[in-house]
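Side chains included, hydrogens not; waters and symmetry mates left out as well; all remaining heavy atoms used.
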Amino acid sequence: MQDFTELQDLCEKHKQIVNIIQSLQEAANSQNKTEITILVTAGIKTKIDLDTSKETDKQTLYSLLNGYRQVERELSQKVNNFFNHN
């Protein structure tokens, strides 16, 4: 049962990260000023205002996107490992 709960937690985290990635990709494709709100640990909300017409904001957005993609790959690997070991 604990294994199933662990798998469930991993899948939920993966789903949340994928949703964030999709939002960041939409923002990256937007030509308008974009507001991104990300809920992080302990319920603290972090708001990031980005204007994709500004190069520094684009770079910030791409850095966030790359970071979340890395987290998504790591979570996917954990899920795969779970199935390979059980």
Side-chain angles (χ1 to χ4, degrees):
M1 188 68 174
Q2 182 180 3
D3 287 343
F4 180 73
T5 301
E6 183 180 342
L7 177 61
Q8 223 175 356
D9 289 344
L10 286 172
C11 289
E12 182 58 32
K13 287 176 186 175
H14 183 266
K15 178 183 170 188
Q16 291 169 353
I17 294 298
V18 168
N19 288 340
I20 291 170
I21 290 170
Q22 288 172 344
S23 295
L24 291 172
Q25 286 175 327
E26 288 173 14
N29 294 332
S30 173
Q31 296 301 316
N32 303 319
K33 185 175 181 181
T34 304
E35 179 182 293
I36 298 172
T37 303
I38 299 173
L39 183 63
V40 294
T41 309
I44 298 168
K45 287 186 180 180
T46 301
K47 182 174 128 182
I48 303 170
D49 291 321
L50 298 172
D51 183 348
T52 53
S53 67
K54 296 178 182 175
E55 191 59 34
T56 55
D57 284 2
K58 276 186 185 178
Q59 293 304 315
T60 300
L61 179 59
Y62 292 133
S63 294
L64 286 168
L65 193 51
N66 288 333
Y68 278 104
R69 284 180 176 149
Q70 178 63 35
V71 171
E72 189 275 332
R73 284 189 294 270
E74 290 173 8
L75 285 172
S76 291
Q77 185 61 47
K78 286 181 181 181
V79 169
N80 287 335
N81 288 343
F82 181 89
F83 284 114
N84 290 334
H85 291 181
N86 289 321

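- Side-chain atoms of S30 do not come within 3.5 Å of backbone N or O of E26 as any donor-acceptor pair.
- Using a 4.5 Å cut-off between side-chain heavy atoms of Ile, Leu, Val, Met, Phe, Trp and Tyr, with links allowed through other members, V71 and L24 fall into the same hydrophobic cluster.
- Considering all non-hydrogen atoms of both residues, F82 and F4 come closest at CZ-N, 4.4 Å.
- E6 CD to K78 NZ: the interatomic distance, rounded to the nearest 0.5 Å, is 9.0 Å.
- Here the CD atom belonging to E72 is positioned 13.0 Å from the CD atom belonging to Q16, to the nearest 0.5 angstrom.
- Considering OG1 of T60 and CG of L64, their distance stands at 7.0 Å, rounded to 0.5 Å.
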Worksheet item: Which is it for Q22 and N19 under the side chain to side chain contact (heavy atoms under 4.5 Å, CB included) test, yes or no, and what are the steps along the way?
Response: CA-CA 5 Å; Q22 288 172 344; N19 288 340; 3.7 Å; yes
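- Atom CG of N66 is separated from atom CG of L61 by 9.5 Å, given to the nearest 0.5 angstrom.
- No continuous path of ILVMFWY side-chain contacts below 4.5 Å connects V18 to Y68, so the two sit in separate hydrophobic clusters.
- Taking hydrophobic clusters as Ile, Leu, Val, Met, Phe, Trp and Tyr residues chained together by side-chain heavy-atom distances below 4.5 Å, I21 shares a cluster with L10.
- E12 and Q8 share no side-chain donor-acceptor pair at under 3.5 Å.
- Note: L75 CG to D9 CG = 11.0 Å, rounded to the nearest 0.5 Å.
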